[in-house]
There are 4 protein chains.
Amino acid sequence: MPEKQQTEESPTPPQRAEERPRRRQARGERRIAELLGAAAAVFCRSGYTAASTNAIAREAGVSPGTLYQYFPNKEAIAVGLGDQLLEHWARSHGQALTSENIGLPLDRMLDAVLDPLIAFNVENPAFAVLMHGPDTPGPIADEIGTVHCALLARVEEMIATRLPDLPPDERTVTANMTLHLFKAGLTLIMSHEGSERDAYIAELKTVMHRYLEPLLEREHPVGR
Amino acid sequence: MPEKQQTEESPTPPQRAEERPRRRQARGERRIAELLGAAAAVFCRSGYTAASTNAIAREAGVSPGTLYQYFPNKEAIAVGLGDQLLEHWARSHGQALTSENIGLPLDRMLDAVLDPLIAFNVENPAFAVLMHGPDTPGPIADEIGTVHCALLARVEEMIATRLPDLPPDERTVTANMTLHLFKAGLTLIMSHEGSERDAYIAELKTVMHRYLEPLLEREHPVGR
Amino acid sequence: MPEKQQTEESPTPPQRAEERPRRRQARGERRIAELLGAAAAVFCRSGYTAASTNAIAREAGVSPGTLYQYFPNKEAIAVGLGDQLLEHWARSHGQALTSENIGLPLDRMLDAVLDPLIAFNVENPAFAVLMHGPDTPGPIADEIGTVHCALLARVEEMIATRLPDLPPDERTVTANMTLHLFKAGLTLIMSHEGSERDAYIAELKTVMHRYLEPLLEREHPVGR
Amino acid sequence: MPEKQQTEESPTPPQRAEERPRRRQARGERRIAELLGAAAAVFCRSGYTAASTNAIAREAGVSPGTLYQYFPNKEAIAVGLGDQLLEHWARSHGQALTSENIGLPLDRMLDAVLDPLIAFNVENPAFAVLMHGPDTPGPIADEIGTVHCALLARVEEMIATRLPDLPPDERTVTANMTLHLFKAGLTLIMSHEGSERDAYIAELKTVMHRYLEPLLEREHPVGR
DNA sequence: GATGAATGAGGATTCATTCAT
DNA sequence: TATGAATGAATCCTCATTCAT
């Protein structure tokens, strides 16, 4: 894994990036992973708001103090988990949301984008929890909304690539709406199983296809 | 309190068993309304999970004990508030989701249905909060999901009326998806103001129009 | 990492068993000094009770474990710091509290004693913090009261020298009172700056002069 | 007791002084007193900084929640206790610090002022604890320094009465010094018992007499 | 009916200290 | 030596709920 802590195994003095490079030991790295895993489980079980740091520590099999050695508070855990999942996503299917699919016809592009994304959510249900954030209203994505924001940026990027002539305002609206439609569909998908789930997957694709197709038409009018 | 036992120990001859209870009920109703109003405010401020019964009581200007005289627990408050809002909705724009709009062309029907619904949500933001429920995943609508369920029933009903030939499975899927699309759009709408809000309203209508139109086509093939 | 452990696994034969331990001690001394400096800073910032060993370690730029390698507990740090400051004091102005000033007329003696002491406190505010000890009542000076005790001994000594005929009881009372007066004045002095501070310094000297002069009179009745 | 809550026993609507008169019930009033008593005990035992709200609740024989129904945090408890003690003092020996003693010769005035004050502190050792505040440095008297401030005001007042020609600056200095001398002496007094205590009481009076007498001389030069 | 009092377990977070590496 | 990891009890404080008045 490329972007890890290179501090401890690097023999050269790490030129102390900030103050104290916080020489993280291997065990600590593992602990962080365990804690994030535990956090994922607890967030899924109880939702972000109702999740308690003590419960996360318990789930991870460590004492509360240990948790706080790695994360200053609950929010930081959520952010950390979001980052981890985002990284995980980037590593495993990162290309799904990028260039290579941009040129495909819409239906195949939707498959190429949505299928891995849905699969990833099914395997990492905490991703969906973080995507939705706490039920607290107000600046939804402010703090723990890393995931939402990252996805939104990707969607906006894709739209910008595919529909370069769309004015920025419209692009924002479209991106927001697209992401929200996806989140809505995902909720439905994840609350069903088997063939029902498949039906909702198909339906979501239908929704998005019908929503987005006219935009593409407008941009690249199929000579008629 | 409506369904409590104030009848048996009443020392007065139980004549006019009508009038007094009614008085009490009247005051009780007012209390309940006050409490629900307070709950609406607090739910909007903090979300369902983070809302505290003490905060609701404080907001209502009563003591915690009083609150528990009318509602056995926090959940019941949410349910009660949902019912109240649903009733309020039924009384004020109830027809919007019913028969009379069924016959309209899709775009006008969407206006007829969505505009009042959005307006209602803007005026009663707690409605949206309840529609979404706590961020706790799992059996989403189980307990406090009255609002979601009621709306879902209405949507399903409308679809059944308008598309009587749709097989029940598909109808459920369509209804669920429609409602979720609406919720997604509503989130966007309510987190913006002014012209941005209007843009999202228009966009939501676009989404729904594009999603639903083909279904109608299928049903009533415009003889062509 | 500069000062790591290249000492013990060093393959050179352990002759010169003298020099190496001295090295270690030297490094240890430095560490201790760093830790005490950090402790001074933290004690001043938060007071003794609220100071945390972790904060001291952080301030010193070392890990908690390292701190506990040199001090068995928080109290020991305070004691160590007290000792260090006392030594520092002895080295820099030690004579101030001793013989040479004993013979001066009271007002000049007060200048000779108080000015350096006040200056020392201003430069080493932790000295004052330790002098006062934790706000915990009871056996005030028991544990960390090294500073208080040392000063008290000096004061008593000076009094004994200057007023050899004072009965021991009275001497104790006088010494205690004198020291407490000084601490009280010091508090005032250190919580002001500039000319206000000067005013309090003058006032403290006045207080002490008026308090002590009659004692001297009694002892050395100005030939009348 | 004149200045109590007159809200609950008054039959007339209490014209809601602020928002909600917080109709305190008798039991609550008692609880507050118990809690303050417990706080006094714990503050004396552990000092302000080390005192814990849970310990206070335990001492009072109630649950932590109960404590927090009456006080929002530890500081508020200290303030409340300070107020209570100040009131108690005002009621019992209030006149000691006021007019009637102003005219006495200094030695008798010191007796009249200090004896009750010392007795009060001996009976209410928490008073001394609050007078000294937390060992945290900085704005000492800011928050819980009610007691210190109240006393300081009284001292300044007395000085202003007795020495009306003293310039304000000097008055402040004198008042501050006087109060600090008293606090210093009190510490000594309270950490001793029996005849030793008496000796320190006498010594404190000596200190203050010698400190203050010249000021009075200056003001009312005994025609000589 | 209404109130405020009371609870106590549980929330987040910190801390002095110990331990394996 | 030095480190960071780990602890777990203790910190302050909140909450849903019950109870006596």
Engineer: Are any non-hydrogen side-chain atoms of D:I56 and D:I77 less than 4.5 angstrom apart?
Structural biologist: yes

Engineer: F:dA5 P sits how many Å from A:F71 CZ, rounded?
Structural biologist: 12 Å

Engineer: Between C1' on F:dA2 and CD1 on C:I32, what's the gap in Å once rounded to a whole number?
Structural biologist: 14 Å

Engineer: So, D:Y68 and D:T53: side-chain donor and acceptor under 3.5 Å apart, yes or no?
Structural biologist: yes

Engineer: Whole-Å distance between F:dC15 C1' and B:K74 NZ?
Structural biologist: 9 Å

Engineer: Would you say C:L81 and C:Q84 make side-chain contact, with heavy atoms under 4.5 Å?
Structural biologist: yes

Engineer: Is the shortest heavy-atom distance from the side chain of A:H132 to the side chain of A:Y48 under 4.5 Å?
Structural biologist: no

Engineer: Quickly work out the D:N54 CG to E:dA12 C1' distance and round it to whole Å.
Structural biologist: 14 Å

Engineer: Rounded to whole Å, please give me the gap between CD in B:E34 and C1' in E:dT3.
Structural biologist: 15 Å

Engineer: Could you check how far CG of A:N73 sits from P of E:dT13, rounded to whole Å?
Structural biologist: 5 Å

Engineer: For F:dC12, does either OP1 or OP2 sit under 4.0 Å from a side-chain N or O belonging to D:S52?
Structural biologist: yes

Engineer: Among E:dT7, F:dT17, F:dA5, which is the nearest nucleotide to the side chain of A:Y70?
Structural biologist: F:dA5

Engineer: C:R31 side chain: which of E:dA6, E:dG11, F:dT3 is closest?
Structural biologist: F:dT3

Engineer: Would you say D:R31 and D:T66 make side-chain contact, with heavy atoms under 4.5 Å?
Structural biologist: yes

Engineer: Starting at the 5' end of DNA chain F, which residue's closest nucleotide do you reach first, D:A50 or B:T49?
Structural biologist: D:A50

Engineer: Are any non-hydrogen side-chain atoms of D:F43 and D:T49 less than 4.5 angstrom apart?
Structural biologist: no

Engineer: How long is the line joining CZ of C:R30 and C1' of F:dA2, in whole Å?
Structural biologist: 14 Å

Engineer: Is the shortest side-chain heavy-atom distance between B:D135 and A:V129 below 4.5 Å?
Structural biologist: no

Engineer: If you check every side-chain atom of A:T53, which of E:dA12, F:dT11, E:dT3 has the closest atom?
Structural biologist: E:dA12

Engineer: Answer with base, sugar-phosphate or nothing: what part of the nucleic acid does A:A57 contact at a heavy-atom distance below 4.0 Å?
Structural biologist: nothing

Engineer: Could you check which nucleotide pairs with F:dT7 in any of the strands shown, counting Watson-Crick or G-U wobble with both distances under 3.5 Å?
Structural biologist: E:dA16

Engineer: Can you tell me the distance, in whole Å, between the CZ atom of D:R58 and the P atom of F:dT11?
Structural biologist: 7 Å

Engineer: Could you write out each protein N or O paired with an N or O of nucleotides 18-21 of chain F at a distance under 3.5 Å?
Structural biologist:
none

Engineer: Which atom names give the shortest non-hydrogen contact between D:A126 and D:C44, and what distance separates them?
Structural biologist: N-SG, 3.3 Å

Engineer: Quick check on DNA chain F: between C:L67 and A:G61, whose nearest nucleotide comes earlier from the 5' end?
Structural biologist: C:L67

Engineer: Return the pairing partner of F:dT14 with a 3.5 Å limit on both distances, Watson-Crick or G-U wobble; otherwise return none.
Structural biologist: E:dA9

Engineer: May I ask you to say what A:A51 touches in the nucleic acid, namely base, sugar-phosphate or nothing, with a heavy-atom cut-off under 4.0 Å?
Structural biologist: sugar-phosphate

Engineer: Measuring from the side chain of D:Q69 (C-beta onward, heavy atoms only), which nucleotide among F:dT3, E:dA5, F:dT7 has the closest atom?
Structural biologist: E:dA5

